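To keep things clear, I will list the structure first and then write my remarks on it.
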Amino acid sequence: MSDFQDPKAHLFALVQTALTSVAPDLTDLTFVIERPKQAAHGDYACNVAMQLTRSLRRNPRELAQAIVAALPESTCVIKTEIAGAGFINFFLSSAARTQVVKLAQEQGERFGRSEYGARKKVQVEFVSANPTGPLHVGHGRGAAYGASLAAVLDFAGYKVQREYYVNDAGRQMDILAVSTWLRYLEQFGIDVPFPKNCYQGDYVREMARQIKESHGDRYVHQPWTVLEGVKSAEEDVEEHLDGLIANAKKLLEDDWHYIHNFALNEQLGDGRNDLAEFGVHFDNWYSEKSLYDSGLVERAMDQLEANGHIYLQDGAKWFRSTHFGDEKDRVVQRENGLFTYFASDIAYHQNKFERGFHKVINVWGADHHGYIPRVKGALTALNMDPEKLDIALVQFANLIRDGKQVSMSTRSGEFVTLRELRAEVGNDAARFFYVLRKSEQHLDFDLDLAKSQSNDNPVYYIQYAHARICRVQEEWGGVRADLAGANLDLLGNEHETAILRRLSDFSETIENAAREYAPHLVAFYLKDLAAEFHSYYNAERFLVDDAELTLARIALIDAVRQAMVNGLALLGVSAPEKM
RNA sequence: GCGCCCGUAGCUCAGUGGAUAGAGUGUUGGCCUCCGAAGCCAAAGGUCGCGCGUUCGACUCGCGCCGGGCGCGCCA
């Protein structure tokens, strides 16, 4: 019976056996066993004869004949034929075709899992948005993609860690803290003009209000002290802001850390809740600040310097990334002594590698693509293998409302938040919509379309198929254990054959999605499966007078149900029994 | 200017180097006395941006163009 566990692998082995007599000298031949597009071409087709034709200088159809003649006997195969340019088409026995139904019964929620990843440790780092405000719809795409990718990798047999890199150090957090403080001062009538390059959103006012409520006027300072020695915003907006930050630190002393941490924890907590409601969870939240506190940044810089990849110019320290294919060298330590974001990022990636992953996968917005050469260069410079780092670039998600693009900017406060999006279209539709495009494709998220009680929305199409199956099974009234005794040889009409083929491809689809970092393949698979089910539903009745046939059909659609439950779970979409 | 991504039906998009390129949506016409019509069936719709190359075979790989998006800071 083990032959039937995976018919495709079985056929592959048969062909390889045949090759040992037909072409014993060829060792590095590549060929595939694949699903023909048309059912008339059999259950599987093999292109090996065409691949052989050049090296053996023989007619491909003749070679196909020779290979077919050399194939070992198999109860799996009832017929082979040679077609087209030299394809070998295989027609499987009923038992081989229907074994997937038994597999689904036996494996249940594990149906579709595989050992493809061989328990190798991989890390998926995603979202990693600065905790300086609510997550917006762009982050949503990274969240949905990363979560689905991680789930797919897990299902394909990898040991997956989901990580969020928290940018809790650096200037952006200082800007959030000073923004909060200035809003706080406003509540006491302290008139310090709120800079344009501070965070404008109402959530900043809300945090200021909370601080006032808990601590009264404790953090109030007079405007002239706040502005003392600060360059005017008209002169230089960035230096103006840096001056405000410096004064805030000086005036508030230890209280600065309170405000800073309060704002950080509020925003990080808000993002964490938002993501959890979206069905997106992380195993590890890695703090950028901890890289400094534990000396990892300095250690990484020292090692780069010891390896001779750092030089001094204009008072700053530069990493010679051009040596590793980058277009220019990059500053790691500024003239003022502060490390750049790049410096902590080098230490972070070094640390990731030291944690022993087989693959480290970063999900980044496509606008960061120019950043890849310098990070890989730094890893190379630290004697690490840059091939172990994969960057999955996710293209922009634009939001369309009333046929127009909505502008998004955290600083200006004009963004549409992920929370708002979820409220409008629902978590299921949002999760599914986000992964229905391959990551390299720009996504226009049409709010009006997604909002409209959408028959257009494919998630309903799939969920409806699932609900229909549940309804039929309810009507049937039997118990799932009865299905083990079904005579599956009764399944053979056009619709049943198509569904059996589709179900047999489930596990392989997951593997492909894992290999290509392409969870959208799962979404499209489920759409196709649902379409075949709906078509079957309309063409045939499941509950018929013939009890044996009924049982076989219920067994089949139960396997469809299982594939849908498992597949939708990977995408973070629910599988309701009623809609 | 350089780099990355995209270009497939009117529109939105799938398509591990294989046989006659597929869905959804839109248009037109059908299907509920029957397990849920949020469904199904059918018709119509294509120089796969253009050119050259590799290959037995190219939407798929390579090179060069054309068009669109994004990125090229001592920002993160």
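Here is the naming used below: chain letters follow the sequence lines, and residue numbers restart at 1 for every chain. None of the values given here were measured: they were computed from a predicted structure.
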Q) Between Arg561(A) and Glu577(A), does at least one N-O distance fall below 4.0 Å, as a salt bridge requires? A) no
Q | Base G18(B) paired with Asn47(A) side chain (donor-acceptor, <3.5 Å) | A | yes
Q) Which nucleotide in the list G39(B), C70(B), A14(B) gets nearest to the side chain of His520(A)? A) A14(B)
(Q) Base, sugar-phosphate or nothing for His41(A)? Non-hydrogen atoms, less than 4.0 Å. (A) base
**Q.** Touch class at under 4.0 angstrom, heavy-atom based, for Glu532(A) against every strand present
**A.** nothing
Q) Can you check whether Phe87(A) stacks with the A19(B) base, using ring centres under 5.5 Å and planes within 30°? A) yes
Q.
Over all strands shown, is Lys317(A) touching base, sugar-phosphate only, or nothing at heavy-atom distances under 4.0 angstrom?
A. nothing
Q. Base, sugar-phosphate, or nothing for Arg468(A), non-hydrogen atoms under 4.0 angstrom?
A. sugar-phosphate
Q: Determine the Euclidean distance between corresponding C1' atoms of C59(B) and U8(B); express it in Å to zero decimal places.
A: 7 Å
(Q) Suppose you measure atom C1' in G45(B) against the same atom in G24(B); what distance do you get, rounded to whole Å? (A) 14 Å
Q) Checking all strands, does Leu521(A) fall into the base, sugar-phosphate, or nothing category for heavy-atom contacts under 4.0 angstrom? A) sugar-phosphate
Q. Looking only at atom C1', what distance separates G36(B) and C70(B), rounded to whole Å?
A. 46 Å
Q) What interatomic distance, in whole Å, is found between C1' of C56(B) and the corresponding atom of C63(B)? A) 23 Å
Q) Within the modelled atom types, does a donor on one side and an acceptor on the other bring the side chain of His369(A) and the base of G3(B) under 3.5 Å apart? A) yes
Q) Any side-chain N or O of Arg171(A) under 4.0 Å from OP1/OP2 of G73(B)? A) no
(Q) Taking 4.0 Å as the cut-off, does a side-chain nitrogen or oxygen of Arg471(A) come that near to OP1 or OP2 on G36(B)? (A) yes
Q: Have a look at Ala45(A) and say if it touches a base, only the backbone sugar-phosphate, or nothing, with a 4.0 Å heavy-atom cut-off.
A: base
Q.
Are there over 12 heavy-atom neighbours, none belonging to Glu305(A), within less than 6.0 Å of that residue's CD?
A. yes
(Q) By the 4.0 Å heavy-atom rule, please label Glu34(A) as base, sugar-phosphate, or nothing. (A) base
**Q.** Base partner of U55(B), which must satisfy Watson-Crick or wobble distances under 3.5 Å
**A.** none
Q | For A42(B), the Watson-Crick or wobble counterpart (both distances under 3.5 Å) | A | U28(B)
Q: Would you classify Tyr371(A) as touching base, sugar-phosphate or nothing, given that sugar-phosphate means primed atoms plus P, OP1 and OP2, and contacts are heavy atoms under 4.0 Å?
A: base
Q) Just checking Glu474(A): base, sugar-phosphate only, or nothing, at a heavy-atom cut-off of under 4.0 Å? A) nothing
Q. For the side chain of Gln51(A) and the base of G18(B), is some donor closer than 3.5 Å to an acceptor across the two?
A. yes
Q.
Under 4.0 Å, heavy atoms only, any strand: does Phe396(A) hit a base, just the sugar-phosphate, or nothing?
A. nothing
Q | Inter-nucleotide P distance (C48(B), G10(B)), Å rounded | A | 12 Å
Q: Report which part of the nucleic acid Ala83(A) touches: base, sugar-phosphate, or nothing (heavy-atom distance under 4.0 Å, all strands).
A: base
Q) Is the distance between the ring centroids of Tyr286(A) and Tyr348(A) under 6.0 Å? A) yes
(Q) Need one value for Asp345(A): base, sugar-phosphate or nothing, where a base atom within 4.0 Å counts as base even if backbone is also close, heavy atoms only. (A) nothing
Q: State the pairing partner of A21(B); accept Watson-Crick or G-U wobble contacts with both distances under 3.5 Å, and report none otherwise.
A: none
Q. Say you pick atom P in G46(B) and the same atom in A21(B); how far apart are they, in whole Å?
A. 13 Å
Q) In terms of side-chain geometry, is the basic nitrogen of Glu548(A) or Arg553(A) positioned less than 4.0 Å from the acidic oxygen of its partner? A) no
Q.
Could you tell me how far C6(B) sits from G18(B) if I compare only their C1' atoms? Round to whole Å.
A. 25 Å
